[in-house]
Amino acid sequence: MNPLVAAASVVAAALAIGLGAIGPGIGQGIAAGQAVEGIARQPEAEGKIRGTLLLSLAFMEALTIYGLVVSLVLLFANPFA
């Protein structure tokens, strides 16, 4: 494999996982903070808020996993080799 392609693949994998994790990480922090505020304001709605929060956190985490899959493909099943 060309060393330039190998180096570019490693950099692209790092960017894929780094940028793919920063957005959902910020979103999860904001969502959790808003959920805590909502539960503090209306403790009787805790069950609905918690269920919605967990579902949205799962969807956000899926975005991070997509970034991980892209980076693993670039590292181990390199389509540019």
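One-based numbering along the sequence shown. Atom set for the values below is all heavy atoms of this structure, side chains included, hydrogens, waters and symmetry mates excluded.
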Taking the hydrophobic residues Ile, Leu, Val, Met, Phe, Trp and Tyr, and joining any pair whose side-chain heavy atoms are under 4.5 Å apart, which ones share a cluster with [X]?
X	answer
Y66	L63
L55	F59
L68	V10, I17, L72, L75, F76
I39	I49

Of all pairs that satisfy salt bridge (charged side-chain N to carboxylate O under 4.0 Å, His left out), the ones with a partner from residues 9-18, not counting sequence neighbours: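 Of all non-adjacent pairs touching residues 9-18, none passes salt bridge (charged side-chain N to carboxylate O under 4.0 Å, His left out).
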May I have all residue pairs that pass side-chain hydrogen bond (donor to acceptor under 3.5 Å, both in side chains) and include part of residues 46-57, sequence neighbours excluded?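 Non-adjacent pairs meeting side-chain hydrogen bond (donor to acceptor under 3.5 Å, both in side chains): E46-R50.
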If you look only at pairs with a residue in residues 12-28, which of them pass as a side-chain hydrogen bond (donor to acceptor under 3.5 Å, both in side chains), with sequence neighbours excluded?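 Every pair satisfying side-chain hydrogen bond (donor to acceptor under 3.5 Å, both in side chains) with a residue in residues 12-28: Q28-E61.
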Closest contact, heavy atoms only, A13 versus S71: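 Heavy atoms only, the tightest pair is O-CB, 3.4 Å.
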Salt bridge (charged side-chain N to carboxylate O under 4.0 Å, His left out) partners of E37, counting only residues at least two apart: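 E37: no salt bridge (charged side-chain N to carboxylate O under 4.0 Å, His left out) contacts found.
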For S9, what residues pass the side chain to side chain donor-acceptor pair (under 3.5 Å) criterion, not counting sequence neighbours?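 With neighbours one apart ignored, the set is N78.
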V36: what forms a side chain to side chain contact (heavy atoms under 4.5 Å, CB included) with it, not counting sequence neighbours?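 Side chain to side chain contact (heavy atoms under 4.5 Å, CB included) list for V36, sorted by chain: empty.
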Quick one: side chain to side chain contact (heavy atoms under 4.5 Å, CB included) partners of A31, sequence neighbours excluded?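 If we apply the side chain to side chain contact (heavy atoms under 4.5 Å, CB included) test to A31, skipping adjacent residues, the hits are L53, M60.
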Listed pairs under 3.5 Å, donor-acceptor, residues 20-27 side chains, sequence neighbours left out:
none

